[in-house]
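A short worksheet on the structure shown next.
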Amino acid sequence: MLPDRKKNILEKMSRKNLAASLKIKKALADQRSQMSDLEGLLARIRELQAGSQEPFYDTPSQFRAARFYSSKLAEQLEMVANRIEFTQAEIDNLVAVTRQDSLKRQKIDRLIAEAKQLIHQYAERDADKKTTYSSALSRS
């Protein structure tokens with residue numbers, strides 16, 4: 001493949017990779033934002049659980065209401081903890097994909113530089129041929 005064509009193809013691949021990388025970075029930022037929101041929600045649920053424990057109740061209905069409230073908080077806590085775990089797995093996955101894209105982009109950039117160097121070498125070789133030919137013509 002000609003170096004110029006190779007360089008053009010690699011540059012197009014690099015632009016495509018960069019666009020995909022930007023999408024991944026945006027998704028990563030969104031996931032991290034969601035994670036911080038979930039951590040705040042988790043802290044708030046734990047505060048509510050800590051504040052809702054009263055050992056003495058005047059009536060059985062107060063006891064039932066407190067148990068119901070406590071069980072709902074426990075359900076919410078478990079749900080938020082599971083969402084945090086899932087979001088963390090997504091973040092880890094996106095970080096790995098970002099790392100792979102970075103390595104891929106570095107490799108493509110290196111290949112583009114090599115293609116540019118080959119183009120420059122071909123141009124120099126052509127220039128040398130022209131000067132050699134023209135000097136040979138002038139001698140004859």
Side-chain angles (χ1 to χ4, degrees):
M1 182 183 301
L2 293 173
D4 193 38
R5 180 169 164 78
K6 182 178 179 180
K7 179 185 76 86
N8 289 337
I9 290 171
L10 289 170
E11 285 175 341
K12 288 177 184 177
M13 286 175 59
S14 178
R15 285 191 295 270
K16 183 179 177 182
N17 189 348
L18 182 61
S21 178
L22 291 174
K23 288 180 184 177
I24 291 170
K25 286 182 181 181
K26 184 183 181 319
L28 184 60
D30 292 343
Q31 289 291 336
R32 285 187 174 149
S33 172
Q34 184 178 9
M35 178 65 101
S36 67
D37 293 344
L38 288 172
E39 287 172 346
L41 186 59
L42 184 68
R44 179 68 179 134
I45 291 172
R46 286 189 175 144
E47 285 176 18
L48 289 173
Q49 274 186 327
S52 70
Q53 296 180 2
E54 290 184 28
F56 302 107
Y57 302 102
D58 294 335
T59 63
S61 63
Q62 287 177 337
F63 177 71
R64 280 193 302 270
R67 294 278 292 164
F68 178 78
Y69 183 69
S70 176
S71 68
K72 290 298 177 184
L73 282 177
E75 288 174 13
Q76 292 294 322
L77 183 66
E78 183 178 348
M79 184 179 71
V80 170
N82 288 339
R83 284 180 61 192
I84 286 175
E85 183 179 329
F86 176 76
T87 303
Q88 185 60 49
E90 287 292 313
I91 287 173
D92 293 343
N93 183 34
L94 288 172
V95 166
V97 169
T98 302
R99 190 176 312 117
Q100 289 173 346
D101 277 351
S102 175
L103 293 174
K104 187 176 179 180
R105 190 172 36 253
Q106 288 174 357
K107 183 176 180 181
I108 289 173
D109 289 343
R110 183 178 46 81
L111 290 173
I112 289 171
E114 289 174 5
K116 285 180 180 179
Q117 187 178 18
L118 277 176
I119 291 169
H120 183 67
Q121 288 174 352
Y122 283 159
E124 284 181 352
R125 191 176 311 147
D126 286 344
D128 287 344
K129 285 180 184 178
K130 287 179 184 178
T131 57
T132 304
Y133 180 72
S134 63
S135 65
L137 283 179
S138 63
R139 288 184 198 165
S140 2

Sequence neighbours left out, cut at 3.5 Å: what donor-acceptor pairs do the side chains of residues 12-34 make with other protein atoms?
residue, atom, partner, partner atom, Å
Ser21, OG, Arg105, NH1, 3.4
Lys26, NZ, Asp30, OD2, 3.3

By side-chain contact (heavy atoms from CB on, under 4.5 Å), which residues pair with Gln106, not counting sequence neighbours? Ser102, Leu103

Taking only residues two or more places apart in sequence, or in another chain, which ones meet Glu124 in a salt bridge (charged side-chain N to carboxylate O under 4.0 Å, His left out)? none

Distance col, row Gln88:CD vs Glu90:CD, nearest 0.5 angstrom, shows 10.5 Å

Could you list the donor-acceptor pairs under 3.5 angstrom formed by side chains in residues 110-119, with sequence neighbours left out?
residue, atom, partner, partner atom, Å
Arg110, NH1, Glu114, OE2, 3.2

Got a second to check how far Ser36's OG is from Leu41's CG, nearest 0.5 Å? 11.5 Å

What residues, two or more places apart in sequence or in another chain, satisfy side-chain contact (heavy atoms from CB on, under 4.5 Å) together with Gln100? none

Any chance you could measure Ile9, atom CD1, to Ile108, atom CD1, to the nearest 0.5 Å? 12.0 Å

For a quick test of your reading: what N or O donor-acceptor pairs under 3.5 Å do the side chains of residues 72-83 make, sequence neighbours left out?
residue, atom, partner, partner atom, Å
Asn82, ND2, Glu78, O, 3.4

Going by ring-ring contact (aromatic ring centres under 6.0 Å, His included), name the pairs with one or both residues in residues 58-78, residues two or more places apart or in two chains. Tyr57-Phe63

How many angstroms lie between CG in Leu42 and CE in Met35, if you round to the nearest 0.5 Å? 10.5 Å

With sequence neighbours excluded, what pairs up with Asp109 under the side-chain hydrogen bond (donor to acceptor under 3.5 Å, both in side chains) test? none

Could you tell me which residues satisfy salt bridge (charged side-chain N to carboxylate O under 4.0 Å, His left out) with Glu85, sequence neighbours excluded, listed by chain and number? none

For Arg44, all residues meeting salt bridge (charged side-chain N to carboxylate O under 4.0 Å, His left out), sequence neighbours excluded: Glu47

Quick one: list whatever passes side-chain hydrogen bond (donor to acceptor under 3.5 Å, both in side chains) with Ser71, sequence neighbours left out. none

